[in-house]
Student: 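First the structure, then my questions, so here it is.
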Amino acid sequence: LDCGPKSIALNAKAVMESKTIIWNGPMGVFELAKFETGTKSLMDTVVAATAAGVITVIGGGDTATACKKYDTEDKVTHCSTGGGASLELLEGKELPGVSALTDKQ
């Protein structure tokens, strides 16, 4: 229900070596204190990466909720509740709401 120390270290290394982070989905059941270590640790690393100039995007309701829980919404580049839609946009799929706004007819 949470990731262990080796995964936490591997995730932190990957984040700090990146120029852009798109994070969608918590690392464990962060709502329960017993299983929040992975999510809290990754959030701390993402915040540190943001401070170092990395572009960080938190996407998805659960991950956005974690951002709120740890009071980091203003410490990342962007925090959105639109996880699935954000991923579809990155995949190049058409989003009906966006299409309706940009439709010139």
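In this text the structure is predicted, and so the values were computed from the model without any measurement. Sequential numbering from 1 along the given sequence is applied to the chain's residues.
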Student: Would the distance check show the side chain of Thr56 and the main-chain N or O of Thr77 forming a donor-acceptor pair, the cut-off being under 3.5 Å?
Tutor: yes

Student: Can you see which heavy atom on Ala66 is nearest to which on Thr39, and at what distance?
Tutor: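 Taking Ala66 first and Thr39 second, the nearest heavy atoms are CB-CG2, 3.9 Å.
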
Student: Please confirm whether the backbone N or O of Gly61 pairs with a side-chain atom of Thr65, one donor and one acceptor, at under 3.5 Å?
Tutor: yes

Student: Minimum heavy-atom separation for Cys67 and Ile58, please, with both atom names.
Tutor: SG-CG1, 4.2 Å

Student: Any donor-acceptor pair under 3.5 Å linking the side chain of Lys75 with the backbone of Asp71?
Tutor: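 Yes; judged by distance alone, with no hydrogens or angles, the pair exists.
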
Student: Output the distance between atom OG (Ser7) and atom CG (Leu42), rounded to the nearest 0.5 Å.
Tutor: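 Output value for this atom pair is 11.0 Å.
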
Student: Run the salt-bridge test on Lys69 and Glu36 with the 4.0 Å N-O cut-off and return the result as yes or no.
Tutor: yes

Student: Does the ring of Phe30 carry Lys40 above it, NZ/CZ under 6.0 angstrom from centre and within 45° of its axis?
Tutor: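 No cation-pi geometry.
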
Student: To the nearest 0.5 Å, how far apart are OG1 in Thr45 and CG in Asn11?
Tutor: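 It comes to 8.5 Å.
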
Student: Could you walk me through whether Val76 and Val57 pass the side chain to side chain contact (heavy atoms under 4.5 Å, CB included) test, one step at a time?
Tutor: CA-CA 7 Å; Val76 297; Val57 179; over 6 Å; no

Student: Taking all heavy atoms of Phe35 and all of Val29, pick out the closest pair and write down the distance.
Tutor: CB-O, 3.4 Å

Student: Rounded to the nearest 0.5 Å, how far apart are CD1 of Ile21 and CD1 of Ile55?
Tutor: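 It comes to 10.5 Å.
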
Student: Do you know which two heavy atoms are closest between Pro26 and Asp62, and how far apart they sit?
Tutor: CD-CB, 3.7 Å

Student: Quick one: pull up CG in Leu1 and CD in Glu31 and give me the separation to the nearest 0.5 Å.
Tutor: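 Going from CG on Leu1 over to CD on Glu31, the span is 11.0 Å.
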
Student: Is there a path from Met43 to Met16 through hydrophobic residues (I, L, V, M, F, W, Y) whose side chains come within less than 4.5 Å of each other?
Tutor: yes

Student: Should Tyr70 and Val15 be regarded as members of a common hydrophobic cluster, given that ILVMFWY residues are connected when their side-chain heavy atoms come within less than 4.5 Å of each other, either directly or indirectly?
Tutor: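 Tyr70 and Val15: one cluster.
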
Student: Rounded to the nearest 0.5 Å, what separation is found between the SG atom of Cys79 and the CD atom of Glu73?
Tutor: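 If we round to the nearest 0.5 Å, Cys79:SG and Glu73:CD are 6.0 Å apart.
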
Student: Which heavy atom in Gly25 sits nearest to a heavy atom in Thr63, and how many Å separate them?
Tutor: N-OG1, 2.6 Å

Student: Do Met27 and Leu10 land in one hydrophobic cluster if side-chain heavy atoms of ILVMFWY residues count as linked below 4.5 Å?
Tutor: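 No, it is not one cluster - the side chains of Met27 and Leu10 are not joined through contacts under 4.5 Å.
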
Student: What closest approach, in Å, do Val54 and Ser18 show between heavy atoms, and which atom pair accounts for it?
Tutor: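 Looks like CG2-O, 3.3 Å.
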
